[in-house]
Protein chains: 2
Amino acid sequence: LEVRIVSNAVESVPGGITAPRGFLAAGVAAAIKTPGRPDVALLVSDRPATVAGTFTTNRVQAAPVMLCRRHLAGGCARAVVINSGCANACTGPDGMRDAEQTAAWLAELLDIPVGEAFVCSTGTIGTALPMQRLEAGMREAATALASDGGEAAARAIMTTDTRPKSLAVQVRIGDRDIRVGGMAKGAGMIDPHMATMLAFLTTDAAVGGSVLQACLADVVDRSFNRISVDGDQSTNDTVLMLANGAAGGGELTEEHPDWLLFKGAVLEVATALALAIVEDGEGATKRVTVMVVEAASERDADRVARAVAGSLLVKTAWFGGDPNWGRVIAAVGYARAAVEQERIAIDFDGLPVVRGGCRVTACALEDLEAVYRKPTFTVRIALGAGNASAVIHTCDISTDYVTINADYMT
Amino acid sequence: LEVRIVSNAVESVPGGITAPRGFLAAGVAAAIKTPGRPDVALLVSDRPATVAGTFTTNRVQAAPVMLCRRHLAGGCARAVVINSGCANACTGPDGMRDAEQTAAWLAELLDIPVGEAFVCSTGTIGTALPMQRLEAGMREAATALASDGGEAAARAIMTTDTRPKSLAVQVRIGDRDIRVGGMAKGAGMIDPHMATMLAFLTTDAAVGGSVLQACLADVVDRSFNRISVDGDQSTNDTVLMLANGAAGGGELTEEHPDWLLFKGAVLEVATALALAIVEDGEGATKRVTVMVVEAASERDADRVARAVAGSLLVKTAWFGGDPNWGRVIAAVGYARAAVEQERIAIDFDGLPVVRGGCRVTACALEDLEAVYRKPTFTVRIALGAGNASAVIHTCDISTDYVTINADYMT
């Protein structure tokens with residue numbers, strides 16, 4: 001993945017989640033998904049790490065989400081096992097026992113306290129984990145653990161993703177090079193309200209638990225919570241961040257002169273992963289940024305951005321390159337925000353199409369069509385009602401999205 | 001259209017909106033849409049009729065919607081002209097002048113007060129009405145007006161609809177046979193919150209203005225407001241109802257012993273039209289009723305029903321006949337309602353699939369697949385949280401939906 005480097009102090013480095021020192025990872029095939037495709041990933045810190053997490057706000061939550069919430073209270077993580085191909089959601093007490101058994105196996109394998117072993121699952125809802133195959137996969141992954149295993153792990157957490165999503169950055173803080181790595185998976189059921197499907201961030205900085213949690217919550221709110229593929233919120237959304245202090249140096253706090261530099265590096269990694277999820281949305285052919293400005297409140301700006309980014313008619317027009325701006329303004333109108341039709345202005349990649357709620361007569365539809373045919377563009381909606389703004393990153397909905405999801409289980 | 005006759009007192013009759021006595025209609029081709037396809041409809045009462053209307057709650061409203069709201073204040077209607085192929089929305093002051101000019105032409109053609117002439121438009125947003133062609137079409141339609149013109153009018157208001165939606169019923173009230181007719185059009189941008197795309201109801205009963213308005217508002221809330229095709233609310237949604245008293249007999253009021261019989265007949269017609277819109281939803285291959293029971297409040301029941309009916313993942317699974325019940329329970333979970341996972345029970349056409357938030361182990365996925373392959377079925381979701389309930393009628397989302405909407409304008 002490429003990173004939009006916003007600060008000269010931040011530079012891209014290879015290695016993904018294992019770029020930060022002291023982290024090992026692996027990805028193996030355990031026949032939980034299609035046989036032969038990697039489906040079990042391990043992430044291990046060679047020393048205790050502080051851990052922060054954000055989770056789905058769906059009222060229906062998978063067993064591994066409940067287990068992670070519980071272990072998070074301990075504040076310390078040594079290892080995470082992630083399987084794709086089975087979400088272990090809506091599996092009742094049996095599913096909870098399976099998640100606990102998985103954590104117990106992980107603790108035993110690595111000789112760590114069970115409360116420092118985390119478990120994540122993604123895949124089909126309502127089927128039981130194939131425990132024997134999972135255990136065999138975990139044993140194989142434990143022997144394959146490597147300090148360059150980040151990419152293999154990123155491949156093993158994929159479901160309908162067409163490519164792995166993995167990256168890392170380095171930033172100079174005091175006399176130390178601090179690294180932040182990350183990996184994520186999409187690609188459907190993506191409409192996070194507090195977290196996204198599955199994403200993992202690592203750093204070799206030393207950061208205290210509550211500071212790390214506050215940092216992660218804010219970063220997630222500005223990255224993973226600003227994307228939507230299909231408006232469907234998952235039962236398994238989880239973002240975990242581990243900080244193991246392997247870079248040496250003192251503990252980072254919000255009072256540190258370079259704190260914002262560190263947090264900026266985390267935000268860079270999270271934003272790049274979030275955009276990668278949208279770009280690799282199921283069946284997506286283009287990524288679109290919906291930016292709402294001049295709203296009366298942040299809530300209004302957010303509602304309008306989400307209404308436009310979530311409109312099936314808008315997203316299918318993007319797919320077809322059909323310059324149907326009327327669908328965008330219709331979605332603005334039904335977003336339940338303070339909107340005056342006569343004040344609405346809409347630009348597509350700088351092309352003024354709507355002013356005063358009407359089409360700019362000098363604007364040729366061919367020009368809008370040219371924007372709609374780009375792989376990435378921005379829709380800027382000005383409401384003329386105030387100073388608040390919001391951004392949502394989304395993708396189009398194609399015939400392939402329907403085909404993929406018409407035939408997922410069978 | 002077939003009517004589900006719920007009362008023996010109500011019988012189906014032919015003729016659509018012209019079944020009630022004293023109504024004339026016509027539909028002609030005026031080259032506003034594809035040349036040769038009918039696109040201008042006229043509905044005329046041979047005597048003054050009381051009129052009621054409900055309109056889109058979208059903050060972006062088409063010029064004809066604003067004109068109808070204004071004329072509705074007068075309480076009396078003699079004629080409605082409806083064009084398809086151009087929504088006259090987001091057209092600014094010019095569009096408002098075009099709508100007013102259309103009403104003026106209609107008044108002149110029929111020698112009626114301009115305040116009793118109503119104008120409705122449906123089609124592409126943001127393009128100007130071709131006024132010359134519209135005027136020519138209106139003149140032709142005026143000469144074609146006939147007491148059996150209901151079906152022709154129903155054809156002229158279609159856009160992406162694949163079939164006209166028109167029906168009528170008769171009910172004995174006192175010593176009179178009262179008739180209620182209706183027509184409607186879909187088929188995309190259907191997620192009415194106060195009204196639907198375009199629907200017209202007629203009756204030859206005599207009903208006062210405020211009584212008719214209250215009756216229509218309640219009927220619309222229980223019919224057109226309970227459907228969704230794609231979650232996109234239109235800028236042009238309008239339901240108009242005309243009551244001309246041509247059946248003779250005294251004025252019907254809410255105190256009349258047969259009032260509920262009359263209102264039931266109106267509800268029958270509106271419900272049949274609403275279901276027909278869903279069945280003919282863009283690209284739809286099946287109609288699904290989502291019924292939520294045992295909710296803590298009506299708002300909760302409504303939220304859960306709309307979340308499930310609006311989920312792109314649920315709708316694409318229905319299309320593919322993929323027995324992915326996990327997507328249904330995931331949508332229940334993110335509906336922002338008081339939901340306890342362990343209490344959720346879900347049945348598909350009487351097949352118990354989920355109990356206590358988990359899959360019923362005795363239920364074979366093949367049985368669910370068989371339900372998903374039916375042209376119509378019901379999803380019943382019990383929340384175990386109270387006594388409130390709600391119903392939403394919806395359809396699947398197919399590859400054809402995407403294809404239709406990827407290439408609408410161009």
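A, B, ... follow the sequence lines: proteins, then strands. Residue 1 opens every chain.
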Could you check which of [options] has the highest count of heavy-atom pairs closer than 4.5 Å to chain A?
options                               : result
B:Ala87, B:Gly92, B:Ala330            : B:Ala330
B:Asp230, B:Thr235, B:Asp400          : B:Asp230
B:Thr399, B:Asn405, B:Val60, B:Val354 : B:Asn405

Taking all non-hydrogen atoms of both residues, which atom of A:Cys90 and which atom of B:Gly357 are closest, and how far apart?
-> CB-O, 3.4 Å
Looking only at heavy atoms, which two atoms of A:Asp232 and B:Ser311 are closest? And how far apart?
-> OD1-OG, 2.7 Å
By number, which residues in residues 335-345 of chain A have some heavy atom less than 4.5 Å away from chain B?
-> A:Ala337, A:Ala338, A:Val339, A:Glu340, A:Gln341, A:Ile344
Can you give each donor-acceptor pair under 3.5 Å made by side-chain atoms of residues 312-319 of chain A, sequence neighbours left out, with the distance rounded to 0.1 Å?
from	atom 1	to	atom 2	distance (Å)
A:Lys315	NZ	A:Val229	O	3.1
A:Lys315	NZ	A:Ala309	O	2.8
A:Lys315	NZ	A:Thr394	OG1	2.6
A:Lys315	NZ	A:Cys395	O	3.2
A:Thr316	OG1	A:Leu312	O	2.8
A:Thr316	OG1	A:Leu313	O	3.1
A:Trp318	NE1	A:Tyr372	OH	3.4

Could I get the full list of salt bridge (Lys or Arg N to Asp or Glu O under 4.0 Å) partners for A:Glu100, not counting sequence neighbours?
-> A:Arg70
Any residue meeting salt bridge (Lys or Arg N to Asp or Glu O under 4.0 Å) with B:Arg287, in chain and number order, not counting sequence neighbours = B:Glu279
Any chance CZ of B:Arg299 has more than 12 other-residue heavy atoms, nucleotides or ligands included, within less than 6.0 Å?
-> no
Can you tell me how far CG of A:Asp322 sits from CD1 of B:Ile404, rounded to the nearest 0.5 angstrom?
-> 12.5 Å
Atom CH2 in B:Trp325, atom CD1 in A:Ile125: separation rounded to 0.5 Å?
-> 7.5 Å
Proximity breakdown for B:Thr91 and chain A, heavy-atom pairs closer than 4.5 Å | backbone
Chain A contact via B:Ser398 - which portion, at a heavy-atom distance below 4.5 Å | backbone
